[in-house]
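In the text below, chain A, chain B and the rest are named by the order of the sequence lines, each starting its count at 1.
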Amino acid sequence: MISIEAELRRRCALAIGKAFGAEHAPSAVVKAGDPKFGDYQCNSAMALARALGQPPRTVAARIIEHLNLDSLCEPPTITGPGFINFKLHVVFIGQRLEAIASQSASLARAGVPPASHRQTVVVDYAGPNIAKEMHVGHLRSCVIGDAISRILEFQTHAVIRQNHVGDFGTQFGMLIRYAQEVQLQTGAFPPIEDLDTYYRQAAQRDREDAQFALEARHAVVALQAGEPQAVALWRNIHHESRRHAEQIFQLLGVKLTPQDERGESFYAPRLPGIVLQIAEALAVGGDGSDTALGGADTPSRLKELAVSPPDDRAEAAGALASPQALDRLTDAQLPPVIHKPLTCISDGAMCLFLPGYVDKDKQPLPLIIQKADGAYLYATTDLAALYFRIVEDKLTPNDQKPLNENWHADRVIYTTDSRQAQHFAMVFDAACAMRWHVHPQTGQRVDLVHASFGSILGADGKPFKTRSGESVKLRALLAEAMDRAAAVVAEKNPSLSADKQRQIATAVGIGAVKYADLKQDRTGDYEFVWERILSFDGNTGPYLQYAYTRICSIFRKAGDVENSQARLELVESAELNLARHLLKFPDAVEIAARDLKPHYICTYLYELCGLFSAFYENCPVLKAANPATVKSRLILCRVTQAVLKVGLNELLGIPVLEEM
RNA sequence: GCGCUCGUAGCUCAAUUGGAUAGAGCGUCGGACUACGAAUCCGAAGGUUGCAGGUUCGACUCCUGCCGGGCGCACCA
């Protein structure tokens, strides 16, 4: 069964097709703007009126003539300029809810249907830098990326989470060199309790000591060449960092595991092949075919760099190009305006020029895929990752963490902050230029999405920092959330055991922080204010968790009164309003998945709790007049509980509690 | 300078992407506990959606131009 909104849209499209021809078929069905207009409305008549040269209300009437609604709705009405209003039939509502409540399996899905077209979706999020402690800057990526993953996963898409860690940059030379130094002096590897301190000390040595800095550069080379001692130290740092990140993920309830981690170091061996591939395919003056220009200046240094380090894995990564192709890559041939993607060497760096990008001086802006010194950049790694996720065959021994099947992603989603918008636009354009955005099996266009988000600001509207201007550590932020929640629990519910209180404080504190982040449209900035986040009033995590505990409390008191064969009687307006809204949960999930915006689910759940409160105030459940009403109302409680659990817990990754 | 983005009630945010009378919470004011959890609920006041044009049956939403904030613009990620 698909969502009701989708079902009505389908039926309206069918009716429009029958009435006016299939070319007019797409139908605009949305939730009604106002309850007095029913549950849903079709807005297609007004749009069609012009094209058909008929009055919109006439068009609406003809749509209705061809509309088959079965017993879904009451007879539709035409209002205003030509809106078609649908009001769900009470009998239909009752049957649907009874069906959902009747089995634990259907309750577990809360009415949400599986996706009609199952896709393989890669979601790239979190991506912390190794050797630095995670800070608030990572919060949104973790929370939003995980929610998006959970939502798509719940729709039964095959979601592949990817943690693209920064673990192979130049900073590692510094860190390795510093680790060597400390080890030599103390005879023991320093415990990395505070990664930031460690990093800062290394950076300070790097700044102050030219000899140290030089050796740090050499350490990078040693690391990339696989020198055992450098690699061992790198592994050590890596291990410590991962341990730290794991703790954060676990505390946050983010479902990333070590198996999901493929960072810069993973892609490093593939980069030479990627650069070669792009350089040849898009060589300036060439058309990608084998027509090397004779006599052009040979950028021999780059040719050397592009094929080093000598690693046969580059070939496996798809290095189709021959080094000879690089012979024609001189910037002398670069046109002043870029009309098609071109690669060439500019100032010694391997550049990919894409149409539509210019710098401050209106000069073509390149996507640099290899620096003049031969090093690769994050654009290179991102392109390698895209190739890996979409094109590459995974059943090769090259993947250190092989899956059982090929990925060939249908969709790749990046959850990073909006400042990287241009970077991803360029990377996506580059992938398109290489035709890597075409699914190797289906030939369909792969959806490349930057699900960007804004910044977290302090109460003053400026970037969220500590008083001394440092970035707030994520661990400290979450600890404060739990402390604040613990204080409230101790005050409100002192009778609970200390252990129980701690458990509740964790769920409430972490949940509040996550919910505050998810409830707002991710594209905007938001202000982080403890009082607002941890409030029990309004659209907050604690408020929703509280609503859930009230329902649980009813069931604790109900004992075995519940009867799965009970019938739903919808009499009171509070009952009807709640019932109607419960059936719209699949619609909320669908639009949240469509736009990759978890806040649609938050808004839906908040409205649900408001309607449940009205029901709770006006319709006694356990003290209802007769047993049949008690059972009927317990069905509403049961489905509300299920929707809250699925929405909060499974889709948003926020814990629910039996009591608090 | 170019590009992206945002501007909605005193404050923090919504508005299913062009739909009907722009909705919530906080704060303010006024109410409801002998009550399935008052960590809650109900009511009131609060708006020329930054400004000015345009597009059309219909605009917070789209197009143009201003004003104001944020961010980005060649070898960091």
Side-chain angles (χ1 to χ4, degrees), chain A residues 5 28 30-34 36-37 41 43 46-47 49-50 55-56 79-83 127 129 166 169-171 264 346-351 356-363 365-373 375 377-379 381 416-423 425 452 454-455 457 459 461 463 488-489 491-493 519-521 523-527 529 531-532 535-540 542-543 545-547 549-558 587-588 590-592 594-595 597 599-600 602-604 606-607 610 613-614 616-618 620-624 633 637 659-660:
Chain A
E5 186 175 313
V30 294
K31 200 168 78 180
D34 190 312
K36 78 179 177 194
F37 295 127
Q41 61 187 51
N43 301 329
M46 284 86 73
R50 170 168 287 262
T79 56
F83 296 104
N129 259 335
T170 47
Q171 77 271 28
E264 290 167 346
S346 179
D347 293 343
M350 173 65 87
C351 298
Y357 299 95
V358 291
D359 66 13
K360 310 178 217 228
D361 306 316
K362 297 198 172 182
Q363 296 302 301
L365 178 71
L367 184 67
I368 298 178
I369 55 177
Q370 189 170 22
K371 287 163 59 172
D373 66 2
L377 301 97
Y378 76 139
T381 311
T416 69
D417 77 83
S418 52
R419 285 176 300 203
Q420 297 185 47
Q422 182 172 265
H423 164 72
S452 66
S455 311
L457 310 174
V488 179
V489 175
E491 180 203 330
K492 302 283 187 187
N493 219 340
K519 76 165 197 185
Q520 268 160 297
D521 189 324
T523 55
D525 299 344
Y526 77 93
E527 288 187 7
V529 181
E531 290 69 30
R532 287 205 283 264
S535 168
F536 290 87
D537 295 303
N539 193 359
T540 69
Y543 173 78
Q545 285 172 323
Y546 175 65
T549 62
R550 287 213 293 194
I551 300 174
C552 292
S553 178
I554 291 174
F555 281 110
R556 274 197 302 273
K557 292 210 161 70
D587 303 336
E590 194 161 284
I591 60 169
R594 180 195 65 197
D595 295 348
K597 289 189 171 181
H599 83 278
Y600 287 134
C602 297
T603 304
Y604 170 88
Y606 177 57
E607 286 168 354
S613 286
Y616 187 86
E617 295 286 326
N618 296 301
V621 178
L622 301 176
K623 294 174 185 169
R633 288 179 178 170
C637 290
E659 54 184 339
M660 61 191 279

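- If you measure from atom NZ of Lys557(A) to atom C1' of C36(B), you get 6 Å, rounded to the nearest angstrom.
- Base engagement by Gln41(A) is indicated by at least one non-hydrogen atom pair under 4.0 Å involving a base atom.
- Neither OP1 nor OP2 of C36(B) sits under 4.0 Å from any side-chain N or O of Arg556(A).
- Residue-to-nucleotide proximity on RNA chain B shows that, of Met660(A) and Lys623(A), the 5′-proximal contact is made by Lys623(A).
- Ranking A20(B), U21(B), A15(B) by closeness to the Phe37(A) side chain, first place goes to A20(B).
- Distances from the side chain of Val358(A) to the nucleotides C2(B), C36(B), C76(B) place C2(B) closest.
- When each of Asn43(A) and Asp521(A) is assigned the nucleotide of RNA chain B bearing its nearest heavy atom, the one mapping closer to the 5' terminus is Asp521(A).
- Nearest nucleotide to the side chain of Cys351(A), out of U40(B), A74(B), G37(B): A74(B).
- Rounded to whole Å, the distance from NE2 on His599(A) to P on U17(B) is 12 Å.
- Between the side chain of Gln520(A) and the base of A14(B), no donor-acceptor pair of N or O atoms lies under 3.5 Å.
- Heavy atoms of Pro620(A) sit under 4.0 angstrom from at least one base atom.
- Rounded to a whole Å, the OH atom of Tyr378(A) is 8 Å from the P atom of A77(B).
- At the heavy-atom level, Lys492(A) lies under 4.0 Å from base atoms of the strands shown.
- Using a 4.0 Å heavy-atom cutoff across all strands shown, Asp587(A) reaches no nucleic acid atom at all.
- Residue contacts for Ser418(A): at a heavy-atom cut-off of 4.0 Å it reaches no nucleic acid atom on any strand shown.
- Here U17(B) is in the syn range [glycosidic angle within 90° of 0].
- In this structure, Ala379(A) and Leu367(A) approach most closely via the heavy-atom pair CB-CD1, 3.6 Å.
- Atom CG in Leu457(A) sits about 12 Å away from atom C1' in U12(B), given to the nearest Å.
- Applying the 4.0 Å criterion to OP1 and OP2 of A15(B), one finds that Lys31(A) has every side-chain N and O outside that range.
- By the rule that a glycosidic angle within 90° of 0 means syn, C6(B) does not qualify and counts as anti.
- Under the 4.0 Å criterion applied to side-chain N and carboxylate O atoms, Lys597(A) and Asp521(A) are assigned as salt-bridge partners.
- Between the CD1 atom of Ile551(A) and the P atom of G37(B) there is a distance of 12 Å, given to the nearest Å.
- Contact annotation for Leu622(A): base contact, defined as any heavy-atom pair under 4.0 Å involving a base atom.
- The base of A20(B) sits with one of its N or O atoms less than 3.5 Å from a complementary donor or acceptor on the side chain of Thr79(A).
- Nucleic acid contact class of His423(A) (heavy atoms, under 4.0 Å, all strands): none.
- Residue Cys637(A) is out of contact with every strand shown, counting any heavy-atom pair closer than 4.0 Å.
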Problem - Pairing annotation in dot-bracket form, given for RNA chain B with Watson-Crick or G-U pairs under 3.5 Å and | for cross-strand partners - result: (((((.(..((((.....[...)))).(((((.......))))).....(((((..]....)))))).)))))....
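- Taking only side-chain nitrogens and oxygens, Tyr526(A) never comes nearer than 4.0 Å to OP1 or OP2 of C11(B).
- Rounded to an integer number of Å, the gap from CD of Gln422(A) to C1' of C73(B) is 6 Å.
- In this model, no side-chain donor or acceptor of Tyr546(A) finds a partner on the base of A39(B) within 3.5 Å.
- Looking at Lys519(A), its side chain has no donor and acceptor atom pair within 3.5 Å of the base of U12(B).
- Here the C1' atom of nucleotide A77(B) and the CD atom of Glu264(A) are 7 Å apart, to the nearest Å.
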Taking N or O atoms only and anything under 3.5 Å, show me the protein contacts with nucleotides 57-60 of chain B, one pair per line.
unit_1 : atom_1 : unit_2   : atom_2 : d
C57(B) : OP1    : Arg50(A) : NE     : 3.0
C57(B) : OP1    : Arg50(A) : NH2    : 2.4
C57(B) : OP2    : Arg50(A) : NH2    : 2.8

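- Put simply, the side chain of Ser346(A) and the base of A74(B) share a donor and an acceptor less than 3.5 Å apart.
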Tabulated below should be each protein N or O lying under 3.5 Å from an N or O of nucleotides 23-27 of chain B; please produce it.
unit_1 : atom_1 : unit_2    : atom_2 : d
A24(B) : O2'    : Tyr606(A) : OH     : 3.1

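- Using a 4.0 Å heavy-atom distance criterion, Gln545(A) is classed as making no nucleic acid contact.
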